[in-house]
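Just below is one structure, and these are the notes that go with it.
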Amino acid sequence: AANPDHAEALVGKARVRRYFRDPKNAEAFLNKAIRLYPQWTLPLSERARIYREEGFLREALADLDTANELDKQDYWLALDRGNVLMDLGRNDQALEEFDRAINLDPDQFLAYVYSAGLRDAAGAYEEAERDYKQLARLKPEYYFAFEALGVLYMRDGRFNDARDAFLEAYTYAPQHYDYALLASINWIRGDR
């Protein structure tokens with residue numbers, strides 16, 4: 001109220017409207033922020049999130065493309081672009097964006113989730129394994145990385161490695177007894 005053109009206030013009000021499932025008013029605040037601060041990427045990325053949630057993927061990508069032209073060094077913009085491209089079925093381009101995000105900040109785990117999954121789905125198993133290993137190193141409590149590694153190791157007949165991966169998954173998710181069973185099966189099939 002004290003400053004209706006305050007940049008952070010406009011984005012903050014948009015976020016509140018978004019959380020209250022009021023995309024029209026959220027968009028209005030962001031449109032104003034974009035008009036008043038055309039070199040600022042945050043309102044563009046926030047509006048892209050609204051567009052994506054509402055199913056306007058091309059509009060979301062257009063906002064992210066504009067934001068990316070303003071700042072090619074933003075990890076989160078690369079990640080968001082990758083997600084929208086993936087939603088559009090443009091997986092090769094999405095993978096390029098996730099790889100770009102990884103290059104921008106290799107210690108953030110989230111881009112590895114998507115890059116590993118896309119590589120795995122495309123049959124690029126060695127590259128998927130590399131990404132799953134990095135994901136497991138960065139965020140071991142994300143036990144799905146160990147699960148995926150276990151499956152990849154089983155596929156290659158590396159049963160001892162598969163056993164160890166499933167045991168790690170079980171360590172972080174003991175409620176999933178199937179990991180213990182898979183570890184046991186691989187223990188039997190491996191060198192012991």
Side-chain angles (χ1 to χ4, degrees), residues 19 41 45-46 48-49 51-53 55 57 60-61 63-65 67-68 71-192:
Y19 295 143
T41 61
S45 65
E46 289 290 325
R49 288 187 181 122
Y51 287 158
R52 181 177 181 222
E53 289 169 358
L57 298 177
L61 186 58
D63 274 359
L64 291 169
D65 287 345
N68 189 53
D71 184 0
K72 292 188 183 298
Q73 302 303 309
D74 188 313
Y75 172 90
W76 296 104
L77 285 176
L79 192 72
D80 286 347
R81 281 189 86 237
N83 279 314
V84 171
L85 288 163
M86 200 166 54
D87 290 345
L88 287 166
R90 293 159 57 179
N91 290 348
D92 290 342
Q93 290 175 304
L95 187 54
E96 289 175 15
E97 282 301 293
F98 296 133
D99 285 343
R100 185 169 73 88
I102 288 167
N103 287 330
L104 290 171
D105 192 346
D107 293 328
Q108 285 282 350
F109 82 97
L110 199 50
Y112 292 102
V113 172
Y114 297 111
S115 65
L118 285 173
R119 286 186 167 96
D120 199 349
Y125 300 127
E126 287 182 29
E127 294 86 358
E129 181 181 333
R130 179 199 64 217
D131 287 354
Y132 284 130
K133 282 180 177 177
Q134 185 64 1
L135 174 57
R137 187 187 72 72
L138 290 172
K139 194 162 182 75
E141 66 272 19
Y142 186 78
Y143 58 89
F144 301 108
F146 292 111
E147 173 188 323
L149 284 168
V151 171
L152 289 175
Y153 295 149
M154 283 180 70
R155 179 181 289 129
D156 290 345
R158 294 183 280 166
F159 302 116
N160 292 338
D161 291 336
R163 173 201 63 213
D164 295 344
F166 287 124
L167 285 174
E168 280 296 318
Y170 184 66
T171 299
Y172 289 101
Q175 71 278 15
H176 293 288
Y177 62 87
D178 48 331
Y179 294 143
L181 293 172
L182 286 164
S184 298
I185 290 167
N186 283 284
W187 207 315
I188 292 167
R189 294 181 78 187
D191 295 337
R192 291 183 197 106

query = Do S45 and D80 meet the criterion of a side-chain donor-acceptor pair at a distance under 3.5 Å?
reply =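 D80 and S45 do not have a side-chain donor-acceptor pair below 3.5 Å.
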ask   = Cut-off 3.5 Å, side chains only: do D120 and Y132 have a donor facing an acceptor?
value =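 Yes.
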Going by atom type alone, with no hydrogens or angles, which donor-acceptor pairs under 3.5 Å involve a side-chain atom of residues 85-94 and a protein atom two or more places apart or on another chain?
from : atom 1 : to  : atom 2 : distance (Å)
D87  : OD1    : R52 : NH2    : 3.4
D87  : OD2    : R52 : NE     : 2.5
D87  : OD2    : R52 : NH2    : 3.0
R90  : NE     : Q93 : OE1    : 2.6
R90  : NH2    : Q93 : OE1    : 3.1

Please name the pair of heavy atoms, one in [X] and one in [Y], separated by the smallest distance, quoted to 0.1 Å.
X    : Y    : answer
Q108 : W76  : OE1-CZ2, 3.9 Å
A136 : L149 : CB-CD1, 4.5 Å
M154 : F159 : O-CE2, 4.1 Å
L167 : W187 : CD1-CZ3, 4.0 Å
A111 : A101 : CB-CB, 3.9 Å
A48  : L64  : CB-CG, 3.6 Å

task = Give a yes or no answer on whether the side chain of N160 reaches the backbone of D191 with a donor-acceptor pair at less than 3.5 Å.
result =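 Flag set: sc N160 to bb D191 pair under 3.5 Å.
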ask   = R130 and side chain to side chain contact (heavy atoms under 4.5 Å, CB included): which partner among E127, Q134, K133?
value =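 Considering E127, Q134, K133, a side chain to side chain contact (heavy atoms under 4.5 Å, CB included) with R130 is found only for E127.
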Working to the nearest 0.5 angstrom, can you tell me the gap between [X] [atom1] and [Y] [atom2]?
X    : Y    : atom1 : atom2 : result
D99  : E97  : CG    : CD    : 9.5 Å
R189 : N186 : CZ    : CG    : 7.0 Å
L77  : D65  : CG    : CG    : 10.5 Å
E46  : D63  : CD    : CG    : 11.0 Å
D107 : R137 : CG    : CZ    : 6.5 Å
D161 : D156 : CG    : CG    : 9.5 Å

Pairwise side-chain contact, [X] with [Y], heavy-atom cut-off 4.5 Å (strictly under):
X    : Y    : answer
L110 : F98  : no
D178 : E147 : no
V84  : R81  : no
H176 : L181 : no
F144 : L135 : no
P174 : Y179 : no

query = Do other residues, nucleotides or ligands put more than 12 heavy atoms under 6.0 Å from E126 CD?
reply =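 Counting other residues, nucleotides and ligands, CD of E126 stays at 12 neighbours or fewer.
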Heavy-atom neighbours of Y170 OH exceed 12 at 6.0 Å =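 Not more than 12 within 6.0 Å, no.
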task = Just do the side chain to side chain contact (heavy atoms under 4.5 Å, CB included) check on Q73 and D105 with the steps written out, would you?
result = CA-CA 9 Å; Q73 302 303 309; D105 192 346; over 6 Å; no
query = Hey, is R158 close enough to E129 for a salt bridge, meaning N to O under 4.0 Å?
reply =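 A salt bridge links R158 with E129.
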task = Determine, step by step, whether F166 and V151 satisfy the side chain to side chain contact (heavy atoms under 4.5 Å, CB included) criterion, reporting the C-alpha distance in whole Å, the side-chain angles of both residues, the deciding distance to 0.1 Å, and the verdict.
result = CA-CA 9 Å; F166 287 124; V151 171; 4.2 Å; yes
